[in-house]
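These notes are about the structure you will find just below.
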Amino acid sequence: MTFSGLFVPLVTPFTADGELACDALGRLAHDVLDAGAAGIVALGTTGEPATLTPEEKRRVVDICAQVCAERDAPLIVGTGSNSTADSEHALAALDERVAAALTVVPYYTKPSQRGVVEHFRRLAQRSPVPLLIYNVPHRTGRPLDPETLIELAELPNVAGFKHAVGLVDETTVAWLAAVGDRTTVLCGDDLYATPLLAMGAQGAILTCSNVAPAAYAELIAAWRDGRVEAARKIGNRLVELARALFAEANPTVVKGVLAAQGRIPSAHVRLPLLPACAESVSAALAAAGPIG
């Protein structure tokens, strides 16, 4: 399977007293697919998986898998850690309902470039589903050089990358020029979606698409179809929304907006996150208003 288009990394809705809001999660999954998303991501960073119990994680995957089965849409599940062995166990629990596993570069321990390659080589060999490698150095503390990214792209059972380096840097330019059509690159930085799509990314996994899925789906479609001027205009319209939704820690402002819009039952997040302040939510609602 090839991955292109918009994949929405769903928030995990909670009730006001902090319980998993299952019905709201199912509705949100249907809503973003109705708006033009190609598929959804469960248990991405935006879904607060670090604060979910194992049973809650299973429930989230079950709900998202059911919606994707009904809609014939691919489901990507976030998994993996800075332990190769633990990542193997997590991947082994995935089944045929899952199109790919979004697997983060090992964080905190700062392995060598060679260690990162061997980590993913082992996971790719043993995973029952294809891997999408999540390259997010500002969270992991491990930047990857172009040579490492190229080597990772050539590993069997690696379907592509979520690339979220926080800028368009020399590594990104060199890597995209080298890999061309040989792997799938999904933009993971909301603010830099337009330049990465212009450089050849085939799609995106974007937090802000929880709030404006139709606009982000159209942004990707415009670049894919060669409607360059339309794509630029859409991308420019989305800049303020992305800045507003990331004014505080992800996904606190996103949840505040969704709750204010009545799309989830509360803006509740779990510690160590705290809810976004009213000013941040109001600013994001104002930025979302003209987009629709």
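A quick note: this is a predicted structure, and the numbers were derived from the prediction, not measured.
Considering all non-hydrogen atoms of both residues, V67 and G26 come closest at CG2-O, 4.0 Å. Contact between L273 and A249 at its shortest, heavy atoms only, is CD2-CB, 3.8 Å. Between L75 and C68, the shortest heavy-atom contact is CB-SG, 3.8 Å. The two residues L155 and F120 have their closest heavy-atom pair at CD1-C, 4.0 Å. D190 and A242 make their closest contact through CB-CB, 4.1 Å (heavy atoms, listed as atom of the first residue, atom of the second, distance). Closest approach of V269 and P275 over heavy atoms only: CG2-N, 3.7 Å.
At a threshold of 4.5 Å between non-hydrogen side-chain atoms, the residues Q261 and L285 count as touching. Taking 4.5 Å as the limit, every side-chain heavy atom of V61 sits out of range of all side-chain heavy atoms of C64. Looking at Q113 and R142, their side chains come closer than 4.5 Å, going by heavy atoms from C-beta outward. You'll find the side chain of L52 reaches within 4.5 Å of the side chain of L43, heavy atoms only. Side-chain contact between S266 and P13 is absent, with no heavy atoms from C-beta onward closer than 4.5 Å. When side chains are defined from C-beta on, L91 counts as touching L131, because their heavy atoms get closer than 4.5 Å. In this structure the side chain of H138 never reaches within 4.5 angstrom of the side chain of V165, judged on heavy atoms. In this structure, E151 and E147 have side chains that are not in contact, with every pair of non-hydrogen atoms separated by 4.5 Å or more.
Under the 3.5 Å distance criterion, the side-chain polar atoms of Q202 are left unmatched by any main-chain donor or acceptor of G5. Checking side-chain atoms of N210 against main-chain N and O of T207 turns up a donor-acceptor pair under 3.5 Å. Looking at T172, its side chain never comes within 3.5 Å of a backbone N or O of V168 through a donor-acceptor pair. Side-chain N or O atoms of N82 include none that pairs as donor or acceptor with a backbone N or O of Y108 at under 3.5 Å. For the pair D189 (side chain) and G166 (backbone), a donor-acceptor distance under 3.5 Å is present. Between the side chain of T51 and the backbone N or O of E48, at least one donor-acceptor pair lies under 3.5 Å. Looking only at distances, a side-chain donor or acceptor of K255 sits under 3.5 Å from a matching main-chain atom of H268. When atom types are taken as modelled, the side chain of S209 and the backbone of A212 share no donor-acceptor pair closer than 3.5 angstrom. Without hydrogens or angle criteria, N157 side chain to A124 main chain gives a donor-acceptor distance under 3.5 Å. In this structure, the side chain of S83 engages the main chain of D86 through a donor-acceptor pair within 3.5 Å.
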key: Verdict with supporting geometry, L245 and V211, side chain to side chain contact (heavy atoms under 4.5 Å, CB included)   = CA-CA 9 Å; L245 289 174; V211 171; 4.0 Å; yes

query = Which is it for L94 and V77 under the side chain to side chain contact (heavy atoms under 4.5 Å, CB included) test, yes or no, and what are the steps along the way?
reply = CA-CA 9 Å; L94 302 180; V77 174; 4.1 Å; yes

query = Between S81 and V104, does a side chain to side chain contact (heavy atoms under 4.5 Å, CB included) hold up when you go through it step by step?
reply = CA-CA 7 Å; S81 71; V104 70; 6.0 Å; no

request  = Using the side chain to side chain contact (heavy atoms under 4.5 Å, CB included) rule, take W175 and V185 through it: C-alpha gap first, then chi angles, then the decisive distance, then the call.
outcome  = CA-CA 10 Å; W175 176 53; V185 177; 3.6 Å; yes

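Under a 4.0 Å N-O distance rule, the pair D62/R97 qualifies as a salt bridge. Between E154 and R121, no side-chain nitrogen of the basic residue sits less than 4.0 Å from a carboxylate oxygen of the acidic one, so the salt-bridge criterion is not met. Looking at E218 and R224, no side-chain N of the basic residue comes within less than 4.0 Å of a carboxylate O on the acidic one, giving no salt bridge. Between E56 and R59, none of the side-chain N atoms (NZ, or NE/NH1/NH2) sits under 4.0 Å from a carboxylate O, so this pair counts as no salt bridge. Between R114 and E118 there is a salt bridge, with a side-chain nitrogen of the basic residue lying less than 4.0 Å from a carboxylate oxygen of the acidic one.
Cation-pi check for R139 over Y107 is not met; the charged atom does not lie both under 6.0 angstrom from the ring centroid and within 45 degrees of its normal.
Here L191 contributes atom CG and L196 contributes atom CG; the two are 11.5 Å apart, rounded to the nearest 0.5 Å. Distance check, rounded to the nearest 0.5 Å: CZ of F3 to CG of L186 gives 8.5 Å. Summarising the geometry, atom CD belonging to E240 is positioned 9.5 Å from atom CD1 belonging to I291; distances are rounded to the nearest 0.5 Å. Here the CG atom belonging to L25 is positioned 5.0 Å from the CD1 atom belonging to I63, to the nearest 0.5 angstrom. Interatomic distance, OH of Y134 versus OG1 of T103, reported as 12.0 Å (0.5 Å rounding). The CD atom of E248 sits 9.0 Å away from the CG atom of L274 when rounded to the nearest 0.5 Å.
R263 CZ: more than 12 foreign heavy atoms inside a 6.0 Å radius. Within 6.0 Å of CG in D225 there are more than 12 heavy atoms belonging to other residues, nucleotides or ligands. Summarising the local packing, CD of E55 is surrounded by more than 12 heavy atoms from other residues, nucleotides or ligands at distances under 6.0 Å.
With L144 as reference, L152 is the one residue of I150, L152, T171 to meet the side chain to side chain contact (heavy atoms under 4.5 Å, CB included) rule.
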